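Note that the numbering runs from 1 along the sequence shown for the chain. Quantities reported herein were computed from a predicted structural model and do not represent experimental measurements.
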Amino acid sequence: QEALKAMTPDLNLILMDIGLPDSSGIEITRYIRSQYQQIPIIALTAYPKEMIADQCNAVGINAIVPKPLPMSDLAALVQHWLKQNWAQLN
């Protein structure tokens, strides 16, 4: 809740955990997308991708990645989506 209140359109990227203790990353993404359509959202999850892919796509998650993942893979993914977002804004 606190993070949602602090959101601004200046954000360049969101890393969203799907399995949060008090809420669902899917529901939080649905809310974010109602306010901010352009911010790339990368879902991090321990769930099998096949189990959540339809839900993630339906709410506008840009990429789904398994946890844990190597830091180099996360860095490459973040770089990719930042470049994509930058290109769309300019």
Rounded to the nearest 0.5 Å, the CD1 atom of Ile39 sits from the CH2 atom of Trp81 at a distance of 13.5 Å

Residues pairing under side-chain hydrogen bond (donor to acceptor under 3.5 Å, both in side chains) where one sits in residues 54-67, two or more places apart or in two chains, turn out to be Asp17-Lys67, Arg33-Asn62

What do you reckon, is OH of Tyr47 surrounded by more than 12 foreign heavy atoms closer than 6.0 Å? no

So CD1 of Ile28 and CE of Met7: to nearest 0.5 Å the spacing works out to 10.5 Å

Residues Ile18 and Ala43: closest non-hydrogen pair is CD1-CB, 3.7 Å

All heavy atoms of Leu13 vs all of Leu82, minimum pair found to be CB-CD2, 3.9 Å

Worksheet item: So, do Ile61 and Ile42 sit near enough that their side-chain heavy atoms are less than 4.5 Å apart?
Response: no

d(Leu77 CG, Ser72 OG) to nearest 0.5 Å is 11.0 Å

Subject >> Note, Leu69 side chain near Leu44 side chain (heavy atom, < 4.5 Å) >> reply: yes

**Message:** Between Ser23 and Leu20 (side chain of the first, backbone of the second, donor and acceptor by atom type, cut-off under 3.5 Å), is there such a pair?
**Reply:** no

Which of Thr29, Ile26, Thr45 passes side-chain contact (heavy atoms from CB on, under 4.5 Å) with Met16? It is Thr29

Between Ile32 and the options Leu11, Ile41, Val59, the side-chain contact (heavy atoms from CB on, under 4.5 Å) test singles out Ile41

